[in-house]
Protein chains: 2
Amino acid sequence: MKAEVRPLGMTIGSIRSAFPKMMADLFKDKEIKYTFDQMVVLLIVRFCQKTSPVQQDIAEIMNKNKSVVLRMIDVLEQDGLLMRSTDPNDRRRNIITLTKKGYEYTELTIACDHEVTVNLMEGLNESDVKTFFKVFDHIQSKMGVK
Amino acid sequence: MKAEVRPLGMTIGSIRSAFPKMMADLFKDKEIKYTFDQMVVLLIVRFCQKTSPVQQDIAEIMNKNKSVVLRMIDVLEQDGLLMRSTDPNDRRRNIITLTKKGYEYTELTIACDHEVTVNLMEGLNESDVKTFFKVFDHIQSKMGVK
DNA sequence: TGAAACAGTTGCAAAAATCAACTAATACAT
DNA sequence: ATGTATTAGTTGATTTTTGCAACTGTTTCA
C-alpha cells in the first residue's frame with residue numbers, strides 16, 4: 001500500500017472537469033436543458049431510494065451547500081421531474097420522489113453516461129474496469145466521512 | 001450487471017467538488033493563499049514542460065475558458081510564481097515558466113495532494129491501487145484525444 | 001418546559017465563469 | 001505579394017454560480 005500512491009490531484013483534476021463537460025456536450029446534442037449537477041441530483045434520488053435522502057443529505061453527498069441543492073431542486077420540481085412532500089414522521093424533512101418524467105431523465109442521463117464511459121474505457125479489460133469502479137466507490141465513501 | 005449499476009457520473013458528481021474542497025482545507029491549514037485550480041495551473045506548467053503549453057493549452061487541459069486561465073496566471077505572475085515571456089518563434093504565444101517560488105508551491109501542493117490521496121486510498125490493497133491508476137492513465141489519454 | 005439541534009428557506013454578497021469584441025501575430029490560399 | 005482566416009492573448013461587461021448568515025418551523029432531549 002505505501003508504494004504506488006501518486007498525487008491524484010492532477011489526474012482527478014482533469015477527469016473531474018472533463019467528464020461533466022463531455023456529459024454537458026451530450027446533453028446539448030440531445031437537447032437536455034439541464035446541467036450535469038441537476039441530473040446528478042436525480043440520479044442520487046433514484047439510486048439512494050432505500051435511504052431516501054433529503055436535501056441536506058444530497059448536499060452532503062455532492063459536497064455542495066444546502067442552498068445550492070435547494071435551488072436545483074426548485075427547478076427540477078417546477079419542471080415536474082421530482083416532487084417534494086413533507087415527511088409525516090418528521091415534518092422538517094422533505095421527501096423527494098422522482099416523477100415518471102424525472103425517471104425518464106435519469107434514463108437519458110444514464111445513456112449519456114454509458115456512452116461517455118464506454119468511450120473512455122475502450123481497450124481496457126473487464127476486470128480492470130471493475131477494479132477501477134471499486135476503488136472509485138471506495139474513494140467516494142472516504143470522502144463522505146469528512 | 002445490467003440491473004442497477006450506478007453510473008460513473010454519479011460518483012464523479014460527488015467527488016468532483018469534494019476533492020478541491022479537501023485540498024482547499026489543507027491549503028488553509030498550511031497558509032497557502034491560493035485556490036486549488038491555481039495550483040493545478042502550476043502543476044501543469046511543471047509536468048508538461050516538454051510540450052510547454054501556453055495559456056490556451058492550459059485552458060483546454062483544465063476545461064476552462066482562456067479568460068479564466070489568463071486571470072489565474074495574472075495573479076500567479078504578480079506573485080512571482082511564474083513568468084510570461086513571448087515565444088520568439090511565434091510572438092502570439094506566451095511561454096510560461098515556473099520561478100523557484102512557483103516550483104516550491106508545486107512541491108507544497110504535491111505534499112497536500114499526497115496527504116489527501118493516502119487518506120482516500122486507505123484500506124485498499126496495492127494491486128487495486130495500481131490498477132486504478134492504470135485505468136486512470138488510460139482514461140486520461142482517451143480524454144486527450146477529443 | 002425550555003434550550004439546542006436540525007431541515008429547509010430566503011436574500012444578499014462574493015466569487016467564478018462566460019461572452020463578445022478587440023489587438024497583434026501568423027498561416028495560408030489565390 | 002496580398003488579403004482573408006485563424007490563432008493567442010487581452011479586456012470589460014454580464015451572467016451564473018456559490019457561499020453566508022439570518023430566520024422559520026419542527027423535533028429532541030435534558
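All values below come from the heavy atoms of this structure, side chains included, with hydrogens, waters and symmetry mates left out. Per chain, numbering begins at 1; letters A, B, ... match sequence-line order.
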Legend entry - Sub-4.5 Å side-chain heavy-atom contact between B/I58 and B/V45: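 A side-chain contact exists here, since the closest heavy-atom pair is under 4.5 Å.
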
Legend entry - With B/S14, the side-chain hydrogen bond (donor to acceptor under 3.5 Å, both in side chains) member among A/K64, A/Q140, A/E60: A/Q140

Legend entry - Nucleotide-resolved protein contact map, nucleotides 7-18 of chain D, B/S/- at heavy-atom distance under 4.0 Å: BBBBBBB----S

Inset, instruction - Taking atom types as modelled, find out whether A/R93 and A/Q56 have a side-chain donor-acceptor pair closer than 3.5 angstrom. - result: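 Short answer, no.
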
Inset, instruction - Check for a donor-acceptor pair, side chain of A/T99 on one end and backbone N or O of A/L81 on the other, with a separation under 3.5 Å. - result: yes

Distance check needed: [N] [atom2] versus [X] [atom1], whole Å only.
| X | N | atom1 | atom2 | value |
| --- | --- | --- | --- | --- |
| B/D87 | C/dA27 | CG | C1' | 15 Å |
| B/N63 | C/dA17 | CG | C1' | 13 Å |
| A/L82 | C/dG8 | CG | P | 13 Å |

Legend entry - Shortest non-hydrogen separation from A/I44 to A/P53 and the atoms involved: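 Heavy atoms of A/I44 and A/P53 come nearest at CG2-CG, 4.2 Å.
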
